[in-house]
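Read the structure below first, then the notes.
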Amino acid sequence: MICRMKKLRPLVSILVPVYGVEKYIERCAISLFEQTYENLEYVFVDDCSPDNSIQVLGDVLVKYPQRINQVKIIHHSHNRGISAVRNSLVEHASGDFVFFVDSDDWVEITSVELLVNRQQETNADIVTARAYFHLPDCTVEYPDGGWKADKETALKQLLRQGLSHSLWRRLIRTSLFIENGIMLREGVNMDEDLYMTVFLFYYASKVDGLDAFIYHYNRENGDSYMTKYLDYYYLQDQRLESINGIIHFFEKRDQECHDITCEYKVKSLYKIVGIAADHNDKDRFDSTIKELNNYRQYWDAIKWNYSSLRLMEYNYYSFKLFSPILSLARSLYHIMKQ
């Protein structure tokens with residue numbers, strides 16, 4: 001008699017940060033507790049949310065008694081930011097794989113089952129699915145051309161911004177975090193997932209894609225971590241924190257990835273130049289130009305090898321004077337290079 005053993009289904013930890021999502025967490029929690037996949041644990045980290053998010057979560061959980069023993073709710077003693085929250089989520093995860101879900105988003109109830117099925121077919125360390133992007137006035141497919149790329153291609157696309165670096169809508173092998181010491185730097189709360197996702201892809205043996213729209217990314221929450229921190233420098237400065245860490249990481253490991261990341265930094269610095277000019281901040285303009293001088297070999301990323309364009313943008317007063325012309329010049333330059 002031949003005994004056929006059923007393939008073991010891995011434990012998946014669904015990881016959910018909670019902050020300022022009282023209006024949205026019910027929808028999110030329902031979509032998670034109704035998952036068709038059974039071997040789950042749920043880890044919620046409350047980063048001292050200023051509203052009733054945790055109360056709403058508890059009210060939803062009561063309606064799903066079969067899930068109660070699968071749920072962990074961790075409370076931070078003070079607000080520490082999204083990077084600290086993501087570190088706490090991974091720290092408390094017991095699963096073979098983790099699946100990040102932001103608490104103002106929601107997922108299809110078959111999400112985890114589809115991701116696990118694909119992972120077991122391919123033995124990938126990371127499986128990336130597709131997502132919808134919900135704006136106040138429309139819903140579109142999340143712009144993401146490289147969701148099914150191989151590891152080497154995907155890593156370079158992440159660094160070139162051709163593949164989204166979001167942690168959500170990905171099934172990720174937990175051992176990648178543990179064995180490689182992958183953690184976020186507490187205090188970096190914008191583009192923090194860029195830093196983590198690049199390292200996860202670097203250390204993964206294999207990545208794969210799932211051609212299914214399983215995730216709903218919500219951009220209607222005015223109280224989210226993203227909107228909490230927005231000002232005209234903050235995003236770029238936080239992005240530079242992540243980029244600098246990636247540059248340092250690749251410096252002696254992978255020259256091509258190092259160069260691509262330097263190009264990304266030059267583009268980010270250039271954005272700060274424009275922001276400084278728009279806000280009449282000559283000191284910040286000049287200091288950023290000075291930093292750009294350290295990356296001359298990557299100037300083509302911002303078309304500064306085109307000398308006439310660079311001369312107009314290199315000086316604060318000429319940048320202010322010619323800003324309407326600069327946009328046109330860049331457009332023409334782009335057409336000429338095609």
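Given the structure is predicted, the values throughout are model-derived calculations rather than measurements. Just the heavy atoms: all of them, side chains too, but no hydrogens, waters or symmetry mates, feed the values below.
With a 4.5 Å cut-off on side-chain heavy atoms, Lys156 and Ile260 count as touching. No side-chain heavy atom of Ser318 sits less than 4.5 Å from a side-chain heavy atom of Leu311.
Evaluation of the side-chain contact (heavy atoms from CB on, under 4.5 Å) rule for Asp96 yields Pro10, Leu11 as partners, not counting sequence neighbours. Remark: Asp286 engages Lys282 in a side chain to side chain donor-acceptor pair (under 3.5 Å) (not counting sequence neighbours). With sequence neighbours excluded, the residues forming a side-chain contact (heavy atoms from CB on, under 4.5 Å) with His248 are Glu251, listed by chain and number. Evaluation of the side chain to side chain donor-acceptor pair (under 3.5 Å) rule for Asn244 yields Lys265 as partners, not counting sequence neighbours. Listed by chain and residue number, nothing satisfies the side chain to side chain donor-acceptor pair (under 3.5 Å) test with Gln161 (two or more places apart in sequence, or in another chain). Residues satisfying the side-chain contact (heavy atoms from CB on, under 4.5 Å) test with Asn280, not counting sequence neighbours, are Tyr316, Lys320. Listed by chain and residue number, nothing satisfies the side chain to side chain donor-acceptor pair (under 3.5 Å) test with Tyr37 (two or more places apart in sequence, or in another chain). For Gln238, the side-chain contact (heavy atoms from CB on, under 4.5 Å) criterion is met by Val188, Asn189, Met190, Tyr234, not counting sequence neighbours.
Salt bridge status for Asp237 with Arg284: present, with a side-chain N to carboxylate O gap under 4.0 Å. Remark: Asp102 engages Arg86 in a salt bridge, criterion side-chain N to carboxylate O under 4.0 Å.
Atom CD of Glu263 sits in a crowded spot, with more than 12 heavy atoms from other residues, nucleotides or ligands closer than 6.0 Å.
Counting only residues at least two apart or in different chains, salt bridge (Lys or Arg N to Asp or Glu O under 4.0 Å) contacts with residues 29-38 comprise Glu38-Arg67. A side-chain hydrogen bond (donor to acceptor under 3.5 Å, both in side chains) check over residues 178-187, counting only residues at least two apart or in different chains, returns the pairs Arg80-Glu186. The ring pair (Phe, Tyr, Trp, His ring centres under 6.0 Å) pairs that include a residue from residues 48-67 are Phe33-Tyr64, where partners are two or more places apart or lie in different chains. A ring pair (Phe, Tyr, Trp, His ring centres under 6.0 Å) check over residues 99-133, counting only residues at least two apart or in different chains, returns the pairs Trp106-His134, Trp106-His216, Tyr132-Phe213, Tyr132-His216, Phe133-Tyr142, Phe133-Tyr217.
Going from atom CG of Leu159 over to atom CG of Asp259 covers 11.0 Å, rounded to the nearest 0.5 Å. With rounding to the nearest 0.5 Å, the separation of OG1 in Thr128 from CG in Leu163 is 6.5 Å.
In this model, no donor atom of one side chain and acceptor atom of the other lie less than 3.5 Å apart for Glu121 and Asn117. Checked by atom type, the side-chain pair Asp150/Thr153 shows a donor-acceptor distance below 3.5 Å.
Residue Asp105 is tested with Tyr215, Tyr24, Trp168 for a side chain to side chain donor-acceptor pair (under 3.5 Å); the sole match is Tyr215.
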